[in-house]
J.: 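Here it is, the structure in full.
Below, each value reflects all heavy atoms present in this structure, side chains not excepted, and no hydrogens, waters or symmetry copies. What you see is a predicted model, and the numbers here were worked out from it, not measured in a lab. Chain letters run A, B, ... following the sequence lines, proteins first, then strands; residues in each count from 1.
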Number of protein chains: 2
Amino acid sequence: MLGSLDTRISSLAKSEAEDARLELPVTNPETERKNITRAPCATCSAHNEAICSAINDCDMDDFARNVRTRLVKPGQSVYREFEEAKFVFSVVSGEIRLANLLDDGRRQVTAFKTAGEVIGAQQNGYYQSDAEAVCDTVVCQIPVKALETYLKKMPAMQTALTEKVLEELQELRHLAILLGRKTPVEKIATFLIDRAEKSGSETENEIKVSLTMGRNDIADFLGLTIETVSRTITKLKKMGVLEVPSNHSILIKDRVWLENLAEGEK
Amino acid sequence: MLGSLDTRISSLAKSEAEDARLELPVTNPETERKNITRAPCATCSAHNEAICSAINDCDMDDFARNVRTRLVKPGQSVYREFEEAKFVFSVVSGEIRLANLLDDGRRQVTAFKTAGEVIGAQQNGYYQSDAEAVCDTVVCQIPVKALETYLKKMPAMQTALTEKVLEELQELRHLAILLGRKTPVEKIATFLIDRAEKSGSETENEIKVSLTMGRNDIADFLGLTIETVSRTITKLKKMGVLEVPSNHSILIKDRVWLENLAEGEK
DNA sequence: CGGCTATTTGAGAGAAATCAAGGATAGTGG
DNA sequence: CCACTATCCTTGATTTCTCTCAAATAGCCG
């Protein structure tokens with residue numbers, strides 16, 4: 001509901017975000033072991049896409065004082081399902097996977113979140129998923145209490161956050177269609193197209209998509225087994241739709257074809 | 001994010017809501033054909049669970065003036081995907097299914113919404129799903145413009161709405177786990193348990209669950225075919241977990257067993 | 001009662017999961 | 001810099017489910 005902020009700013013500033021990993025904020029000895037530092041909001045590479053973009057310069061200093069930046073290593077968790085939700089996080093760089101587990105270990109990844117996206121949605125005070133880093137990732141840690149204060153004070157931030165939540169709703173709806181009604185080929189094609197749109201780098205006649213996550217994560221995201229993911233990628237490769245230069249990148253050779261495959265047009 | 005309103009008020013007042021169908025607001029000739037009438041907020045059966053509960057008595061009259069009530073017949077749509085989103089709706093009674101279609105007609109139902117729930121989430125001004133009545137349903141039609149005004153004026157309403165949206169997020173996450181990782185038996189069991197919790201009527205040693213929707217809707221919600229839904233229900237019947245007095249109701253004979261089946265414990 | 005639609009049931013095919021190796025890749029330490 | 005190991009990915013063979021196709025039955029409304 002509410003105003004319809006144009007959200008298509010998200011494809012910008014992605015390459016800057018990549019670099020952010022290298023120029024991490026200086027750590028101080030006290031917090032070194034936890035890789036937590038004072039937030040360098042002033043120079044944040046994700047600023048323009050994050051909800052913080054709604055903060056005006058005067059309030060920024062105050063905001064920065066309440067916020068911490070945290071480096072998360074691959075596989076490490078930011079928070080877990082059912083844990084008390086004291087923070088909301090904004091992804092600065094890298095990539096986070098949100099996942100839910102069944103008792104017997106089956107897993108469903110519900111989203112991959114990159115720079116500018118917000119994680120930590122809660123209900124009744126508890127997180128609703130596990131959040132883990134897929135690769136080296138920097139997140140910005142905002143205390144819920146502080147956030148609430150800012151949201152009240154800054155309607156633009158409230159709007160921006162609402163917009164993020166509605167985006168998330170839409171993505172989950174798309175995921176539901178994919179999981180419930182698409183074939184493996186359609187699933188993989190959809191996944192690659194979505195990633196290409198989000199962060200692909202397009203050259204003359206091909207698009208390079210980088211996969212920070214492994215086949216396992218892809219399988220648990222698409223509701224498939226790792227073998228089916230592998231076989232399906234191989235199939236698309238043999239068809240000539242794409243190439244696989246390495247385990248962590250895909251070259252889309254025929255975007256239109258892949259898009260058609262994603263929608264089920266044979 | 002934000003405050004954690006306790007949302008477990010939703011199991012109350014359901015029986016009242018059922019009656020609402022019978023005592024529909026009086027229609028006036030002018031709007032008769034469209035089944036749209038002035039909203040009878042003062043006597044609304046869904047008031048306590050709806051976001052309108054955040055409105056104080058003074059503002060209620062004003063609110064009622066902006067809002068219309070609409071009767072929707074089974075199969076009729078409230079809105080369609082990609083349609084311009086001029087209204088947000090609050091379900092007063094009956095049941096609405098939200099669904100998304102693929103080009104070739106495959107369908108994924110993403111939610112069933114009952115009294116007190118809000119539908120009409122939009123992004124960039126357009127609805128994200130089709131919304132259709134499953135049975136005779138009354139919805140309350142709130143112009144987005146008016147709603148925005150109220151949200152600004154009444155923080156409690158903003159909070160209530162945010163809470164609804166977060167609930168929806170959680171439900172979609174659960175749906176994703178179900179679609180991606182559960183077996184047909186687990187899917188049906190989960191579906192029935194959820195419905196029992198939401199609106200089941202419990203007697204001594206059994207719970208009656210009413211199914212307003214047909215097998216087709218259930219299939220499209222759970223990512224199955226209608227045949228598999230039918231076979232799975234038959235299987236559970238033969239196991240003795242439940243009985244099927246009619247096509248539109250299920251008697252859960254062993255709740256704990258069904259709960260275990262829902263979680264995959266054999 | 002008759003016709004329509006919804007649901008159940010059956011038989012068979014097809015597709016993805018499972019089980020089982022084999023190969024590639026990356027990270028470690030010599 | 002290279003060998004070594006652990007992990008990740010691919011490929012193959014087989015099994016098991018679920019879908020598909022087809023038909024019968026049951027429920028509902030006029």
J.: Going by an N to O cut-off under 4.0 Å, is there a salt bridge joining A/K198 and A/E117?
T.: yes

J.: Protein within reach of the bases, or only the backbone? For nucleotides 4-12 of chain D, mark each nucleotide 5' to 3' as B, S or -, using heavy atoms under 4.0 Å.
T.: -----SBBB

J.: Between P on D/dC17 and CD on B/E186, what's the gap in Å once rounded to a whole number?
T.: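 So the two atoms are 13 Å apart, to the nearest Å.
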
J.: Taking the six-membered ring for Trp, are A/F89 and A/Y127 parallel (under 30°), tilted (30 to 60°) or perpendicular (over 60°)?
T.: tilted

J.: Could you list where the contact with chain B starts and ends along DNA chain C, reading 5' to 3', using a 4.0 Å heavy-atom cut-off?
T.: C/dT7 to C/dA11

J.: Once salt bridge (charged side-chain N to carboxylate O under 4.0 Å, His left out) is applied, do any residues pair with B/R195, and if so which ones, sequence neighbours excluded?
T.: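 Testing B/R195 for salt bridge (charged side-chain N to carboxylate O under 4.0 Å, His left out), a comparison that skips the adjacent residues, returns B/E95.
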
J.: To the nearest 10°, let me know how far the axis at one end of the helix from C/dC1-D/dG30 to C/dG30-D/dC1 is tilted from the axis at the other, five pairs an end.
T.: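 Axis angle across the helix from C/dC1-D/dG30 to C/dG30-D/dC1, nearest 10°: 50°.
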
J.: Say you draw a straight line from CG of B/N100 to CZ of A/R181; how long is it, rounded to the nearest 0.5 Å?
T.: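 Output value for this atom pair is 12.5 Å.
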
J.: Drop me the distance from B/E265's CD to A/D103's CG, to the nearest 0.5 angstrom.
T.: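 Taking CD in B/E265 and CG in A/D103, the distance rounds to 5.5 Å.
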
J.: So, does B/T232 use its side chain to make a donor-acceptor pair with the main chain of B/S230 at under 3.5 Å?
T.: no

J.: What distance separates B/L211 CG from B/L192 CG, expressed to the nearest 0.5 Å?
T.: 6.5 Å

J.: Which comes earlier along DNA chain C counting from the 5' end, the contact point of A/S246 or that of A/L224, where each point is its nearest nucleotide?
T.: A/L224

J.: Report the residues that fulfil salt bridge (charged side-chain N to carboxylate O under 4.0 Å, His left out) with B/R97, sequence neighbours left out, ordered by chain and then residue number.
T.: B/E132, B/D217

J.: Could you measure the distance from the CD1 atom of A/I177 to the OG atom of B/S129? Nearest 0.5 Å is fine.
T.: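 Taking CD1 in A/I177 and OG in B/S129, the distance rounds to 7.5 Å.
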
J.: Listed by chain and number, what are the salt bridge (charged side-chain N to carboxylate O under 4.0 Å, His left out) partners of A/E227, not counting sequence neighbours?
T.: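 Checked A/E227 against salt bridge (charged side-chain N to carboxylate O under 4.0 Å, His left out); zero matches.
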
